[in-house]
Amino acid sequence: MDDGLDFRLVVDAADVADTAARLAVQRLAEALELREAAHLVVTGGSDGHEVTRRIAASGTTLEWQRVHVWWGDERLVPRGDADRNDAAVEDILKAIPGISVEQLHRMPAQGDPDPVAGYSADLATGIGEGLFDVVLLGIGPDGHVASLFPGRDLGEGPGIPVLEVQDAPKPPPHRLSLTMARLSASRHVVLLTSGEAKRDAVAALRSGGSDLPVCRVRGRESTTLVVDRAAAGA
Ligand code: 6PG
């Protein structure tokens, strides 16, 4: 069905990362033509990290001093832990000329007091009720996005931007996630994945008949699915 989805089929995982990164940079540049600041949400996982590496490699094609980077989810492990979604990404993004650490809105870490309140306050200060311009989301084999898992609270109600997960089925179990409502308060959502393990989740998304988390997130202006042949079963 692909209803409402812009479907991009590419060859392999490298092409997924490259295509998603180019689309993100294009949408951010469009945003900066229209508004003072642009807001990008990056994600974790192997595909997600690779996309961010390629966005960083785009270097000065963007006025990075006007771009704010948020995280769609984070593992509540100690800051600096290799399991953190902001670990490799932060170092890479720091390499971008003109971006300051204040623009990298890292999520709280293990031991930080009240992580939900902390990131909610950062969002309120940094973007308020505004729309994210680009939300990048990897896809789990079970159809999860960020740290929103099937059969769990997805945070679809209004006014709650962040939720804490104590027992995530994907380790590590203790996580923080933007809610479905906050992820969908965005102009452009880019769903990206690769590999045979994601075939069922991708098929469910493309059929339009499922209520998996990956099927419930949509951008106000566009929702793009970028997959390789293995994940598309092509
Ligand atoms: C995380 C991610 C998670 C990830 C998917 C896909 O913190 O684990 O945010 O949502 O994007 O699980 O991960 P892979 O690309 O590694 O399969």
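Ligands are counted one by one from 1 in listed order, and the atoms in each one are counted from 1 as well.
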For this session: Only pairs at least two apart or in different chains count here, so list each side chain to side chain donor-acceptor pair (under 3.5 Å) that has a residue in residues 28-39.
Result: Gln26-Glu30, Arg27-Glu30, Arg35-Asp133, His39-Trp70
Give every donor-acceptor pair under 3.5 Å between a side-chain atom in residues 153-162 and any protein atom, sequence neighbours left out.
residue	atom	partner	partner atom	Å
Asp153	OD1	Gly155	N	2.8
Glu156	OE1	Arg216	NE	3.4
Glu156	OE1	Arg216	NH2	3.3
Glu156	OE2	Arg216	NE	2.7
Glu156	OE2	Arg216	NH2	3.2

Exercise. Less than 4.5 Å apart, any side-chain heavy atom of Asp167 and any of Arg152?
Worked result: yes
Seminar exercise, completed: Within the 4.0 Å heavy-atom cut-off around ligand 1, the contacting residues, ordered by chain and number, are Thr43, Gly44, Gly45, Ser46, Asp47, Asp73, Arg75, Asn85, Gly138, Ile139, His144, Ala146, Lys170, Arg175, Lys198
Exercise. Measuring from His105:NE2 to Trp71:CH2, what's the distance to the nearest 0.5 Å?
Worked result: 9.0 Å
Problem set entry | Residue pairs, two or more places apart or on separate chains, that pass ring-ring contact (aromatic ring centres under 6.0 Å, His included) and touch residues 149-197 | His144-Phe149
Exercise. Atom CZ of Arg182 and atom CG of Leu148: how far apart are they, to the nearest 0.5 Å?
Worked result: 13.5 Å
